[in-house]
Amino acid sequence: MAKLDASLLTGLAPFARLGTDQIREILDQAQPKRFDAGVAVFEEGTPAERFFLLLDGHIRVIRITPGGEQIIALHIPAGQLFGIAPALGHVAYPATAMTAVDSVVLSWPARLWHDFVSRYDGFGPETGKIVGRRVAEMQDRIVEMATQQVEQRIANAVLRLINQSGRKTDQGIEIAFPITRQDLSEMTGTTLHTVSRLLSQWERLGIVKSARKRIVVTDPHQLVVMSAGQVPP
DNA sequence: ACATTAATTATGT
DNA sequence: ACATAATTAATGT
């Protein structure tokens, strides 16, 4: 089995304080795996036996409502940990992780989490920050759902996506992975039709440019304006 | 202000 | 050629 290059981890926050010898230890215990686009890395309700790091690609974290509808809870860009339910003491994954594109993933057995925290300087605090940020984001979204209207919610969703996974192009900032209107509707609690209409409208206004599964924000500032919405009576 | 239904068109393998 | 994605209009709550 080919050895993993230490440089894969050196840039990442949880491992920032570690020497190459420690990185080696971690990598030697990791199990690398490649996933095709659109497959589950792990599924909701199954035993949380491992935790994961996304080396390359993009992950969607999905929950299924009692009514059987999908909700996209979170997006994970390359370089981030995910499936860290074991760290929170969960015995089962609370959601499903699906690849949005072909992806490469490292994983470790859940029992190693505590070793990592005690052995490796900075790992505990940094992963704690990650969890904190994700919880905060989800709470923000709950407030949005309750208070804002669809146009603002979709604008906020797109803004988050370009902040977390934006890629600069000559046209503007592009969402760096394939995303459909259906996906956006599942993130914002609307229908794909409403998303489609709004994107078409924004395109006429020169705020975005979109093709199938691709969205480029040509005028981020104007999108921020849309996310603010109109003065509620 | 938005969902739903339905019909139509575009796009990627 | 076929399936999936996107658009658009009409109608409903």
Side-chain angles (χ1 to χ4, degrees), chain A residues 34-41 43-44 56-78 95-104 137-233:
Chain A
R34 215 195 76 80
F35 292 87
D36 287 334
V39 305
V41 176
E43 297 203 55
E44 180 172 350
D56 187 42
H58 199 92
I59 298 280
R60 279 194 262 273
V61 177
I62 289 164
R63 299 217 50 178
I64 308 294
T65 76
E69 310 209 325
Q70 279 196 11
I71 301 285
I72 298 180
L74 206 52
H75 282 267
I76 310 287
T96 295
M98 293 265 296
T99 55
V101 295
D102 292 358
S103 299
V104 181
E137 180 186 323
M138 298 206 262
Q139 287 174 157
D140 286 349
R141 285 179 39 176
I142 292 174
V143 174
E144 280 178 23
M145 289 284 191
T147 61
Q148 302 187 329
Q149 0 205 85
V150 264
E151 185 173 32
Q152 309 163 38
R153 278 185 265 149
I154 296 172
N156 273 312
V158 173
L159 285 171
R160 263 196 287 270
L161 288 171
I162 63 175
N163 282 330
Q164 294 167 9
S165 318
R167 172 207 303 163
K168 274 152 205 140
T169 72
D170 46 351
Q171 294 260 7
I173 306 170
E174 181 184 33
I175 297 174
F177 58 94
I179 183 160
T180 65
R181 328 258 135 163
Q182 171 102 30
D183 291 332
L184 266 171
S185 73
E186 287 172 4
M187 300 173 56
T188 53
T190 2
T191 64
L192 70 155
H193 311 271
T194 301
V195 174
S196 178
R197 276 189 289 269
L198 267 168
L199 285 180
S200 299
Q201 187 183 315
W202 289 348
E203 183 139 17
R204 276 178 232 120
L205 297 173
I207 301 174
V208 301
K209 181 104 178 66
S210 73
R212 132 181 302 229
K213 292 191 180 186
R214 301 248 148 237
I215 298 173
V216 182
V217 180
T218 53
D219 190 347
H221 175 253
Q222 198 56 37
L223 196 56
V224 172
V225 173
M226 309 302 307
S227 75
Q230 295 298 332
V231 265

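Residue numbers begin at 1 in each chain, while the letters A, B, ... track the order of the sequences.
- Salt bridge absent: Lys168(A) and Asp170(A) never bring a charged side-chain N and a carboxylate O closer than 4.0 Å.
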Q.
Before you tell me yes or no, could you show the steps for Thr99(A) and Ile59(A) under side-chain contact (heavy atoms from CB on, under 4.5 Å), namely the whole-Å CA-CA distance, both residues' side-chain angles and the distance that decides it to 0.1 Å?
A. CA-CA 5 Å; Thr99(A) 55; Ile59(A) 298 280; 3.9 Å; yes
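- Residues passing the side-chain hydrogen bond (donor to acceptor under 3.5 Å, both in side chains) test with Asp183(A) are Arg60(A), Thr180(A), sequence neighbours excluded.
- Taken residue by residue, residues 58-73 of chain A places no heavy atom nearer than 4.0 Å to DNA chain B.
- From one end of the helix from dA1(B)-dT13(C) to dT13(B)-dA1(C) to the other, with five pairs defining each end axis, the axis direction shifts by 20° (rounded to 10°).
- Rounded to an integer number of Å, the gap from Gln149(A) CD to dA3(B) P is 11 Å.
- Counting to the nearest Å, the P atom of dA1(B) and the CZ atom of Arg153(A) are 13 Å from each other.
- The CG atom of Leu198(A) lies 10.5 Å from the CD atom of Gln152(A); values are rounded to the nearest 0.5 Å.
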Pairs under 3.5 angstrom, nitrogen or oxygen only, protein versus nucleotides 9-13 of chain C, please.
none

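- Taking each heavy atom of Leu223(A) and Val158(A) in turn, the nearest pair found is CD2-CG1, 3.6 Å.
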**Q.** Stepwise side-chain contact (heavy atoms from CB on, under 4.5 Å) test for Glu151(A) and Gln201(A)
**A.** CA-CA 11 Å; Glu151(A) 185 173 32; Gln201(A) 187 183 315; 3.9 Å; yes
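- For residues 171-190 of chain A, proximity to DNA chain B is found at Gly189(A), Thr190(A), defined as any non-hydrogen atom under 4.0 angstrom from a strand atom.
- Distance CZ/Arg197(A) to OG1/Thr191(A): 6.0 Å, rounded to 0.5 Å.
- Among the atoms of the strands shown, only primed sugar atoms or phosphate atoms (P, OP1, OP2) are found under 4.0 Å from some heavy atom of Thr194(A).
- Distance Gln152(A) CD to dC2(B) P: 8 Å, rounded to the nearest Å.
- What separates CD of Glu203(A) from P of dA6(C) is a distance of 12 Å, to the nearest Å.
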Between N or O atoms, less than 3.5 Å apart, protein on one side and nucleotides 10-12 of chain B on the other: list the pairs.
residue: dT11(B); atom: O2; partner: Arg212(A); partner atom: NH2; Å: 3.4

Q: Check the pair Ile72(A) / Val61(A) against side-chain contact (heavy atoms from CB on, under 4.5 Å), numbers first and verdict last.
A: CA-CA 6 Å; Ile72(A) 298 180; Val61(A) 177; over 6 Å; no
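- Atoms CZ and CZ, on Arg153(A) and Arg141(A) in that order, are 11.0 Å from each other to the nearest 0.5 Å.
- Rounding to the nearest 0.5 angstrom, the gap separating the CG atom in Leu184(A) from the CG atom in Leu161(A) is 6.5 Å.
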